[in-house]
Engineer: 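Could you have a look at this structure, given as structure tokens, before my questions?
Reminder, nothing fancy here: chain letters follow the sequence lines and each chain counts from 1. A quick note: this is a predicted structure, and the numbers were derived from the prediction, not measured.
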Amino acid sequence: MSQFQQKVELIQSEVIAAGIVRLTLSAPDIAAAAVPGQFVMVQTAPGLDPLLRRPFSIHQVSSDGFLQILFKVVGRGTERLAQCRAGEHLSLLGPLGNGFALGESAHACLVGGGMGIAPMLFLASHFLRQSQVAVPPRVILGARNSEELVPLMGDFLDLGFEVLAATDDGSFGYHGLVTDVLKTLNLTSQSTVYSCGPRPMMAAIHHLCQNQHVPCQVSVETVMACGMGACLGCAVPLRAGGYAHACSDGPVFDAGELLWSL
Amino acid sequence: MSQFQQKVELIQSEVIAAGIVRLTLSAPDIAAAAVPGQFVMVQTAPGLDPLLRRPFSIHQVSSDGFLQILFKVVGRGTERLAQCRAGEHLSLLGPLGNGFALGESAHACLVGGGMGIAPMLFLASHFLRQSQVAVPPRVILGARNSEELVPLMGDFLDLGFEVLAATDDGSFGYHGLVTDVLKTLNLTSQSTVYSCGPRPMMAAIHHLCQNQHVPCQVSVETVMACGMGACLGCAVPLRAGGYAHACSDGPVFDAGELLWSL
Amino acid sequence: MEPVNVKMDELDLRVSIGNLELKNPVMTASGTFGYAREFESYVQLHRLGAVVVKGISLEPRAGNPPPRIFETACGMLNAIGLENVGVDRFISEKMPYLSALGVPVIVNILGDSVEEYRQLAERLAEAPGVAAIEVNISCPNVKKGGVAFGTDPQMAAAVTEAVKQSCQLPVIVKLSPNVTDVTLVAKAVEEAGADAVSLINTLIGMAIDLKSRRPRLANVIGGLSGPAIKPVALRMVYQVAQAVSIPIIGIGGIASAEDAMEFMLAGACAVQVGTASFVNPRACEHVLDGMVTYVREQKLESVRDLIGALRIG
Amino acid sequence: MEPVNVKMDELDLRVSIGNLELKNPVMTASGTFGYAREFESYVQLHRLGAVVVKGISLEPRAGNPPPRIFETACGMLNAIGLENVGVDRFISEKMPYLSALGVPVIVNILGDSVEEYRQLAERLAEAPGVAAIEVNISCPNVKKGGVAFGTDPQMAAAVTEAVKQSCQLPVIVKLSPNVTDVTLVAKAVEEAGADAVSLINTLIGMAIDLKSRRPRLANVIGGLSGPAIKPVALRMVYQVAQAVSIPIIGIGGIASAEDAMEFMLAGACAVQVGTASFVNPRACEHVLDGMVTYVREQKLESVRDLIGALRIG
Ligand SMILES: Cc1cc2nc3c(=O)[nH]c(=O)nc-3n(C[C@H](O)[C@H](O)[C@H](O)COP(=O)(O)OP(=O)(O)OC[C@H]3O[C@@H](n4cnc5c(N)ncnc54)[C@H](O)[C@@H]3O)c2cc1C
Ligand SMILES: Cc1cc2nc3c(=O)[nH]c(=O)nc-3n(C[C@H](O)[C@H](O)[C@H](O)COP(=O)(O)OP(=O)(O)OC[C@H]3O[C@@H](n4cnc5c(N)ncnc54)[C@H](O)[C@@H]3O)c2cc1C
Ligand SMILES: Cc1cc2nc3c(=O)[nH]c(=O)nc-3n(C[C@H](O)[C@H](O)[C@H](O)COP(=O)(O)O)c2cc1C
Ligand SMILES: Cc1cc2nc3c(=O)[nH]c(=O)nc-3n(C[C@H](O)[C@H](O)[C@H](O)COP(=O)(O)O)c2cc1C
Ligand code: FES
Ligand code: FES
């Protein structure tokens, strides 16, 4: 496994929607090694506060060495990152974790909710590049409202995907949950659902898939200190008892392996 | 006493010499209230690290509301300040402390060493504005070498002062200490020496003045947490025993009041 | 920058520390707010819940030689050495200003022996305007080889009893965090009659200058304060809240309303703001403003609803 | 970014912990470096003075439910709950990789009773490649109502004795900072035969989420580590250095060579880098590189010249 600790240049910082920022970084080594579903740990400030790195899914990579992350400003670390300007350098650790298991499944369905949309773009691009896939994957994206969702959909549309949209307030697309949209699709055990989003959303998707015997992979979020399996801070309760570690065993898991009742 | 806690705009940041930076801030209230020898406490970073404000002498004020500080990058706080860019806002507390006692003395002599030059510019300008002063004050400035000294002299020359220069390495002006230059002047008990610089320099000036019965005021530096007399952290040992507080009793003291042997 | 002007007439922010009624739970921490006057240019002093002044001893003390302070990661060390004007000058020079503020004045006291604490309490009981006494027991007991009163439950109880017996004022005992089990000391002073406890005082720390190979403080060791110590303070407040039934005042790294309310959830009925006042002289008002906003937004009947409201399990 | 390549052949960085010779004083802290393999992409592992692995118990432990960690001001809280693979799997699965590194492997052990510590030491004494044992005594003694071994000099001594009796390996006892007087425990374990002490383990702390009104850690309380605790750690190392004559390993908030050398001036002969490795996986090498530069610039005969070289008075 190739992993790197590098200071990389920030090429562009874009405010995609209110409080949602996309950073484009020149990180050829990490970009080349990354697979969809992996993440990077980013140092958000030069000093000792905030102290720990912050984990972000790899949103997209390009063949010319660029790597993007897409995040929402929720606290001190993301605030600092949002203030970084082109030309500054950021310390990155990555690519980290195990990405999505990309099988031969003919019918892939990508479901992203809120910031869980971030890793879905990299995954969608990956399917595009895989010429053997006959049916292009279906993409379901959900968010609170159109202001948040529409800007995030753009890249998927640009890649030629048809996006099934859902918003909590009905201001765009389906008025309701992504699971309701997912239900309308003709899922079979030949399909695979790839999902990332808030825990309640992923729990609902898991139950739906379980009932219909559809394989389902989820990318989970936990607090993380190291991102590399050293601190054991990122415990994820397992159905079989005990814990897995989101950073080194995940962040992508077979939904059936996890304990969802928690 | 008017003191202010304000977020003020950084108008200009200039690198005057290697590692020496001058910030021009728009701070009309503080500038209007300030007298030479006073200082401001500056928050150097938005987060909790560095935690405490840093004290800086008021280098210059202008009638149109600008205030300047001049500092050397020596640690984390000054590093951050040096990175601030025009348009950013900095939190200032000031004006703080007691400035120089500006008597009727006909023969003022200003001695600044290293960053102790900073408060001397404001003081020199003050004398210029005082029309009753017959003889313009004499200005002695010292630094390690010409690279450091020459850029700092400019403002004094612009104001029309003749500057007696001394460098440790002889690369500009007198080769040696400012005290040696001071000795060559015809000081009397009618003169007043105003001095700011490294402790050994001020101790030497004090002894010289004491021997020649010349009144001498010094501006001292100590570590400071609050800058306003609350923490009692800035103790300065007194000749009479006990301690004064640099921030509220000083930073300018009658040299004879202090304990110099320490 | 004008201080935020929050309408707070209709909100119930009152808390009580035994007999002592405070209009809100935000006070200054001893040694970090001078004698209040130092802050008059910055703070609307009458808004404070209470003012706790710098520790006072029987005789004036000059304090330690410099350097006395040093900044550490998200905190600071101090070894001021208990510099203060002494109780007589405090009463004659500082109390007139303080008692005119219309805010309860709590006097922090410190001594070398039980006897000194007793005499201090007697003197302050006579002084008009003193609302309560806060007993700093983190000082060395010279009669017991310099072991701090606050590290031994019996010595802590002895000081508390002496102070209680010599004055009618509410007595707050300020606990040291440099102990194996803070609840033992808390219980001991509760039994000895303390009306409340406040915690934490500073953790003992040290810093070294590699260049000179000398300690950063002339006194070698000093007290660590600021955001760095907040987790330790919060834990101790929580532990003490399970152990005693007298009111608790939370102290340690408080800089925002969120910080303050975390201490209240853990069981504190009031808080003190210390080191934060150095960085932001208006820190107390900032905490108060944030608390007002929270109480209003959450539609709490009173700020007291927060006290001990931590959900566990 | 290539790691700085410092020529260090000619420099004397060796230190010894009793019988254990280290090529340099920089080791990893238990629980912050996994079983070393996690860092192989980032660190030239053979350069480390020693590797101290995550605490091992007799039986595997699943650890605490999440959330297990929370960031605080210049520090972090953890309540991992001593998750580990157990001594058998440690020896069979982890030791082969570790012992091939060419670096002394120090195994941190923890138990619920003196008996467990004894058995752990016996098992490890048989395992090839173990260079020393570090005894974590910050664990609760279930037979004594859950009071931590490390807070009581007698219990600490009992554990130390048991471990010493059941193996020939050098035994390092890791002290808890959550005590009134750390020198009492240090002296007790020295008398009980400890070859060295390491300190500090984490301070006990807590954090609360105002929104949910719940503790930030499922375990309610946790261990505070990182730069925030460095002043406390340095003070304790200094105090212990005055009290015992066995070697001391300094731990707590070390992230730079300056930090490490401050601990050495205070009396430590080696250091461990903990939380800093999360932020910068190369923290140990960073510390080592800085130390090399310093020793060269100051023209020290050996890094050992720093040990206890603090100037006081
Ligand atoms: C593997 C992985 C991948 C991730 N990918 C992305 C991504 O692509 N885009 C993205 O925006 N985020 C992502 N996250 C979440 C992201 O790491 C956090 O939002 C970030 O660490 C918050 O840092 P902060 O300093 O701004 O907030 P903090 O100051 O640490 O926290 C501020 C407040 O926000 C809460 N908080 C913390 N995390 C979240 C969260 N995820 N959502 C809402 N509230 C939170 C905290 O409890 C706290 O109350 C990912 C997390 C993981 C583990
Ligand atoms: C009243 C007053 C007025 C001042 N005016 C000025 C001014 O006009 N211009 C100016 O440049 N400085 C001035 N100073 C000094 C200035 O406050 C410090 O240089 C600054 O606080 C250092 O902050 P830092 O975070 O960069 O360094 P820190 O990280 O705090 O310290 C870094 C290292 O530098 C050392 N150090 C601290 N202060 C100094 C110093 N003064 N000189 C050299 N080394 C130091 C520390 O011991 C430490 O080893 C003044 C100080 C006082 C008390
Ligand atoms: C400079 C300074 C002086 C202090 N002096 C006293 C004192 O005289 N008496 C006392 O009980 N506590 C004193 N303290 C401790 C504070 O009141 C408070 O308990 C401690 O600083 C922790 O709170 P904080 O983290 O908010 O600062 C002092 C603290 C500082 C920083
Ligand atoms: C996540 C984590 C896990 C830890 N696990 C252990 C452990 O298993 N055994 C032990 O003795 N100390 C353990 N520690 C304590 C560290 O070894 C170290 O003593 C402490 O973190 C202070 O050092 P630091 O500030 O450099 O992190 C752990 C610390 C952290 C942060
Ligand atoms: S974040 Fe440290 S083990 Fe997963
Ligand atoms: S710096 Fe606080 S009293 Fe002077």
Side-chain angles (χ1 to χ4, degrees), chain A residues 1-8 27 29-30 33 41-55 74-77 89 91-96 199 220-238 240-248 258-259 262, chain D residues 1-3 28-29 31-43 53-55 60-85 216-218 222 225-228 230 253 255-256 274-283 285:
Chain A
M1 244 186 332
S2 310
Q3 289 172 339
F4 305 89
Q5 176 181 4
Q6 292 181 328
K7 282 220 158 176
V8 305
D29 295 333
I30 301 176
M41 292 289 282
V42 184
Q43 203 168 358
T44 62
L48 298 171
D49 176 68
L51 181 69
L52 301 172
R53 290 166 182 269
R54 300 290 191 262
V74 298
R76 296 173 317 143
H89 284 73
S91 170
L92 255 62
L93 219 62
L96 297 166
R199 198 176 163 83
V220 303
E221 283 188 12
T222 67
V223 202
M224 289 188 176
C226 71
M228 48 193 279
C231 74
L232 308 184
C234 58
V236 182
L238 295 176
Y243 304 97
H245 301 108
C247 71
S248 48
L258 303 183
L259 191 65
L262 217 91
Chain D
M1 200 171 63
E2 277 297 295
T28 65
T32 64
F33 209 71
Y35 302 109
R37 189 169 211 155
E38 293 85 348
F39 287 76
E40 65 182 5
S41 312
Y42 307 104
V43 180
V53 297
K54 173 74 189 157
R61 297 197 188 196
N64 287 330
R68 291 179 173 186
I69 50 177
F70 182 70
E71 181 173 320
T72 64
C74 291
M76 65 178 279
L77 288 166
N78 89 79
I80 305 301
L82 306 172
E83 173 180 344
N84 78 93
V85 295
R216 290 282 192 175
L217 300 174
S225 65
K230 188 185 139 197
S256 69
T275 302
S277 287
F278 300 154
V279 184
N280 173 13
R282 281 204 279 263
E285 282 189 281

Engineer: Could you report the tightest heavy-atom contact between A:G242 and D:A62, atom names first, then the distance?
Structural biologist: CA-CB, 4.4 Å
Engineer: Quick check on A:M41 against chain D: is it the side chain, the backbone, both or neither that has a heavy atom closer than 4.5 Å?
Structural biologist: neither
Engineer: Which of the residues A:P50, A:C234, A:G241, A:S91 is involved in the greatest number of heavy-atom pairs with chain D at under 4.5 angstrom?
Structural biologist: A:P50
Engineer: For side chain to side chain contact (heavy atoms under 4.5 Å, CB included), just list the numbers for A:Q5 and D:N280, CA-CA rounded to whole Å, side-chain angles, deciding distance to a tenth of an Å, and then say yes or no.
Structural biologist: CA-CA 8 Å; A:Q5 176 181 4; D:N280 173 13; 2.7 Å; yes
Engineer: Out of D:A276, D:C74, D:P67, return the one with the most heavy atom pairs under 4.5 angstrom to chain A.
Structural biologist: D:C74
Engineer: CD of D:E71 to CG of A:D49: how many Å apart, nearest 0.5 Å?
Structural biologist: 7.0 Å
Engineer: For A:Y243 versus D:P66, what's the shortest heavy-atom pair and its separation?
Structural biologist: CE2-CD, 3.7 Å
Engineer: Please report the shortest heavy-atom distance between D:F39 and A:A230, naming the atom on each side.
Structural biologist: CE1-CB, 3.4 Å
Engineer: So, do A:L232 and D:K54 sit near enough that their side-chain heavy atoms are less than 4.5 Å apart?
Structural biologist: yes
Engineer: Which heavy atom of D:I69 sits nearest to which heavy atom of A:C231, and what is that distance?
Structural biologist: CD1-SG, 4.4 Å
Engineer: Could you state the interatomic distance from CD (A:Q3) to CD (D:E38), rounded to the nearest 0.5 Å?
Structural biologist: 10.5 Å
Engineer: Pull out the residues in residues 76-84 of chain D that come under 4.5 Å of chain A, heavy atom to heavy atom, sorted by number.
Structural biologist: D:M76, D:I80, D:E83
Engineer: Taking all non-hydrogen atoms of both residues, which atom of D:F278 and which atom of A:C226 are closest, and how far apart?
Structural biologist: CD2-CB, 3.6 Å
Engineer: Please classify the contact between D:P227 and chain A as side chain, backbone, both or neither, with a heavy-atom cut-off of under 4.5 Å.
Structural biologist: side chain
Engineer: Please report the closest heavy-atom contact between A:Q43 and D:V279, naming both atoms and the distance.
Structural biologist: NE2-CG1, 3.7 Å
Engineer: Quick one: OG1 on D:T275 to CG on A:L52, what's the gap to the nearest 0.5 Å?
Structural biologist: 8.0 Å
